[in-house]
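Throughout, protein chains are lettered first and strands after them, A, B, ... in sequence-line order, and every chain is numbered starting at 1.
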Protein chains: 2
Amino acid sequence: MNALDIIIKKRDGFVLTQTEIDYFIQQYADGAIPDYQAAAFAMAVYFQGMTPVETADLTMAMVKSGDQVDIASIRPGEIVVDKHSTGGVGDKTSLVVLPIVAACGLPVGKMSGRGLGFSGGTLDKLDAIPGFKTQLTPQQFSDQLREHGLVLVGATGDLAPADRKLYALRDVTGTVPSIPLISGSIMSKKLASGAQAIVLDVKVGNGAFMKSVDNARDLAEMMVAIGKETGRQTVAVLANMDQPLGQMIGNVLEVREAIDVLKGGGPQDMIEHCVTIAAHMLVLGNIADTLESGRSMAQTTLREGYALNKFRKWLSLQGGDVNIIEDATLMATATFQQPIYAAQSGYVAQVNALTFGEASVKLGAGRAQKTDVIDHAVGFEVLVKVGDYVEAGQTLYIIHANDGSKLATATMQLQNAVEIEDEAVDALPQFFGVVS
Amino acid sequence: MNALDIIIKKRDGFVLTQTEIDYFIQQYADGAIPDYQAAAFAMAVYFQGMTPVETADLTMAMVKSGDQVDIASIRPGEIVVDKHSTGGVGDKTSLVVLPIVAACGLPVGKMSGRGLGFSGGTLDKLDAIPGFKTQLTPQQFSDQLREHGLVLVGATGDLAPADRKLYALRDVTGTVPSIPLISGSIMSKKLASGAQAIVLDVKVGNGAFMKSVDNARDLAEMMVAIGKETGRQTVAVLANMDQPLGQMIGNVLEVREAIDVLKGGGPQDMIEHCVTIAAHMLVLGNIADTLESGRSMAQTTLREGYALNKFRKWLSLQGGDVNIIEDATLMATATFQQPIYAAQSGYVAQVNALTFGEASVKLGAGRAQKTDVIDHAVGFEVLVKVGDYVEAGQTLYIIHANDGSKLATATMQLQNAVEIEDEAVDALPQFFGVVS
């Protein structure tokens with residue numbers, strides 16, 4: 001067995017054996033297979049694809065390349081359900097969903113990442129809360145999960161290093177957009193961090209990585225298949241990302257919106273999204289019998305303040321300032337808050353998620369490169385949704401900026417982000433189905 | 001412009017501009033683009049192909065990466081015609097063709113390579129001639145070409161280093177069998193070494209790199225198109241390589257056969273092949289008006305001994321022992337000469353070129369790896385052709401070996417190389433057409 005034969009076999013469209021995939025990934029992780037062979041392999045996979053079994057083998061090979069967190073032993077007898085979003089604009093779902101499900105008795109021990117490009121990471125949002133610590137020792141992680149059932153940290157240890165190495169290579173070789181490679185990358189991190197069941201929040205639309213429903217469904221089906229092959233029950237929700245989720249984009253602003261929802265308020269689409277994801281998690285974790293009862297439990301935690309209490313506890317356990325819940329101004333605020341008004345009356349035909357996402361990166365709310373420093377205060381409040389009727393002069397969105405020239409750039413960049421038409425426009429569907 | 005964008009553009013099936021190709025190849029040659037990006041690029045080209053214009057741009061970019069020999073200025077007013085064989089088993093064409101065309105007044109200043117795998121290189125064959133020097137200074141090369149019109153050396157200087165680097169990478173990344181990449185590689189070396197017109201001897205069959213006539217025609221058409229795009233008249237002859245060319249395989253044995261042909265003897269297929277290639281060269285070089293008159297001129301040089309005289313002169317100019325022409329035993333001879341007899345009477349249905357080629361490498365006549373040392377004495381005399389009638393007990397081929405265990409291995413390996421059937425079998429076609 002050698003790397004070249006494996007590359008050629010895949011290039012020619014044949015199905016690789018588990019032994020071949022294990023060999024390739026292990027040797028690559030060890031540095032015995034050089035980057036140039038892995039790059040050729042990744043491009044061959046881009047063109048020829050992989051079967052679900054091959055992709056599951058790839059996933060497990062990457063899991064085996066590093067540490068594996070044994071969460072199951074911390075809360076024996078319970079199912080630790082993870083969630084993962086493929087990333088969108090204004091996606092602060094985890095901040096709401098994790099307290100909801102924890103309040104319902106589902107233990108949450110989650111490892112999360114930082115964001116790159118227009119989709120922010122949960123860790124970046126938590127960093128916007130003064131004092132909140134995302135780096136805990138393994139012992140602190142275990143203790144908090146055992147005693148309080150809710151903990152979230154930055155990935156520690158050496159989880160799926162082969163994936164990290166391969167992802168960095170794909171990023172510079174044009175081999176990112178491959179369903180099996182994306183699926184394997186996501187699932188390897190989830191499996192290595194101990195997930196026993198997984199709810200995938202697969203975003204579709206111009207503000208997401210997957211632009212078409214068909215592509216997103218292919219990705220969802222592949223990840224669900226990997227779950228089946230590796231014995232982890234997996235459900236994927238296909239959610240629209242043609243317009244931003246909720247109203248807030250930017251780290252402090254998103255924390256504020258999450259708190260609004262936890263307090264029983266917040267935008268309708270954001271509530272609906274969080275309740276849906278939470279309900280699926282509760283079903284997978286055997287807390288709810290049906291999706292409907294899961295939804296009802298989630299709604300109760302929001303209405304009765306159980307989720308908010310859990311959130312407060314979570315913040316205090318990880319050192320965050322709980323006073324932000326009552327006084328959001330304890331978090332960073334931007335110097336400029338520039339409202340942008342509708343130039344005409346009519347119906348909102350587009351709220352371009354991609355444009356808002358890209359503008360948020362330019363503004364400093366996200367990273368264009370890994371080393372960029374985030375400005376937590378900046379971002380956008382987007383006050384309209386597709387289908388809404390607006391009057392001329394009504395505020396469409398507010399730009400929060402700390403720098404006059406960046407404000408000017410954002411204003412220019414967003415000029416056509418919201419389109420208004422005379423004719424009535426249908427609201428966008430929020431979901432495109434569930435894959436399980 | 002950056003490497004990643006170029007990879008993605010090609011991955012997605014778009015046509016690259018000359019500027020993009022120049023940039024990629026130059027940066028790769030300079031080491032600014034790493035091997036892993038070039039590997040991904042090569043695999044993308046493997047799947048998406050290149051247009052003739054792109055391939056010509058690739059060729060010229062590789063030519064520009066190094067030295068360019070200005071042969072035209074050595075023999076001003078004349079057209080220096082090069083030839084190139086894509087490699088086959090028993091292919092000693094250059095040893096005969098170059099003296100033929102030089103005897104007709106066509107100047108030959110050729111750079112050649114060593115062989116790898118079952119197709120031997122012309123330099124290896126010349127090395128089998130005691131004293132023959134293939135390394136000349138540029139001055140010696142020029143002088144010999146100017147004064148005598150026939151010189152052949154190993155590639156000197158730094159011809160198409162980008163091609164050398166890219167070829168080495170393709171060899172270990174499963175990206176060798178790509179028509180544009182093969183074409184660009186071959187043509188860049190020809191163009192850099194100063195060819196003003198080129199006759200391509202494209203071999204097709206199990207003993208060649210191209211296994212099917214369709215593939216070989218695609219390759220030929222692409223190389224002819226590159227010739228057109230770069231202003232070098234190019235003709236490709238598609239020649240059968242399902243059975244070895246001529247009777248001899250192995251370096252000394254092939255020199256012996258070449259001398260036989262130059263003396264007016266030798267196997268019919270070998271004569272026909274050499275006359276055909278020579279005739280095309282004479283037409284491209286404006287020495288002959290028509291292919292028919294080119295053939296006739298070539299046949300005359302063989303019949304009248306002009307080509308042999310030119311060969312003798314050539315050997316003496318480059319230090320080779322001319323006495324080998326009269327006494328072949330002055331070259332290395334093998335210890336064992338083992339004839340293999342027909343087990344039954346009947347018609348020869350197959351003389352498997354690939355099997356003979358692979359066995360010749362094992363025997364030591366060729367290199368499996370670049371560092372292998374060649375045993376010039378060993379090889380095979382293959383005395384039958386497909387379609388021949390043979391009597392049981394008649395000699396089919398003779399194994400020339402210097403080592404008992406290698407002889408045994410070759411005997412085993414060749415057991416089914418020659419197939420004999422009761423029913424009459426048609427002779428194989430020798431050519432599959434000309435692309436120009």
Side-chain angles (χ1 to χ4, degrees), chain A residues 1-14 16 20 23-24 27-29 31-50 116-117 162 164-182 209 211-212 215 368-370, chain B residues 1-14 16 20 23-24 27-29 31-50 116-117 162 164-182 209 211-212 215 368-370:
Chain A
M1 194 154 40
N2 67 64
L4 180 58
D5 288 345
I6 294 171
I7 295 168
I8 290 174
K9 188 172 175 184
K10 178 44 68 187
R11 182 197 76 192
D12 292 346
F14 294 100
L16 300 177
E20 288 165 336
Y23 170 86
F24 199 95
Q27 296 281 303
Y28 178 55
I33 290 178
D35 278 339
Y36 54 79
Q37 289 189 314
F41 176 77
M43 191 59 90
V45 171
Y46 174 88
F47 281 101
Q48 296 287 12
M50 276 186 156
L116 190 59
R164 201 160 53 243
K165 188 173 178 185
L166 185 59
Y167 188 86
L169 182 69
R170 287 167 53 210
D171 202 32
V172 293
T173 54
T175 50
V176 168
S178 152
I179 298 280
L181 296 179
I182 298 167
F209 188 68
K211 306 295 180 195
S212 80
N215 270 349
Q369 313 210 312
K370 275 184 192 170
Chain B
M1 193 154 41
N2 67 65
L4 180 58
D5 289 344
I6 294 170
I7 295 168
I8 289 173
K9 188 172 175 184
K10 178 44 66 187
R11 181 199 77 192
D12 293 346
F14 295 99
L16 300 177
E20 288 165 337
Y23 171 85
F24 199 95
Q27 296 282 302
Y28 178 55
I33 291 178
D35 279 339
Y36 53 79
Q37 288 188 314
F41 176 77
M43 191 60 89
V45 171
Y46 175 87
F47 281 101
Q48 295 288 11
M50 276 185 156
L116 191 59
R164 201 162 51 244
K165 190 172 176 183
L166 185 59
Y167 188 87
L169 183 68
R170 287 166 55 209
D171 202 33
V172 292
T173 54
T175 49
V176 168
S178 153
I179 298 280
L181 296 180
I182 298 168
F209 187 67
K211 307 295 181 194
S212 80
N215 271 350
Q369 315 210 310
K370 278 184 189 170

query = Which of the residues T173(A), T175(A), L169(A), D12(A) is involved in the greatest number of heavy-atom pairs with chain B at under 4.5 angstrom?
reply = T173(A)
note = For F47(B) and R11(A), the nearest pair of non-hydrogen atoms, with its separation, is CZ-O, 3.5 Å
request  = Determine the minimum heavy-atom distance between D171(B) and L4(A), stating which atoms define it.
outcome  = O-CD2, 3.5 Å
Portion of N2(B) that has a non-hydrogen atom of chain A nearer than 4.5 angstrom = neither
ask   = Any side-chain heavy atom of M43(A) sitting closer than 4.5 Å to one from I7(B)?
value = yes
ask   = What residue, out of A42(B), G174(B), A3(B), has the most heavy-atom pairs lying under 4.5 Å from chain A?
value = G174(B)
request  = Assert yes or no for the condition that the ring centre distance of Y36(B) to Y36(A) is strictly below 6.0 Å.
outcome  = no
task = Identify which of A39(B), A40(B), P177(B) forms the greatest number of heavy-atom pairs closer than 4.5 Å to chain A.
result = A40(B)
inquiry  = If I measure from the heavy atoms of chain B, does D5(A) come under 4.5 Å with its side chain, its backbone, both, or neither?
reply    = neither
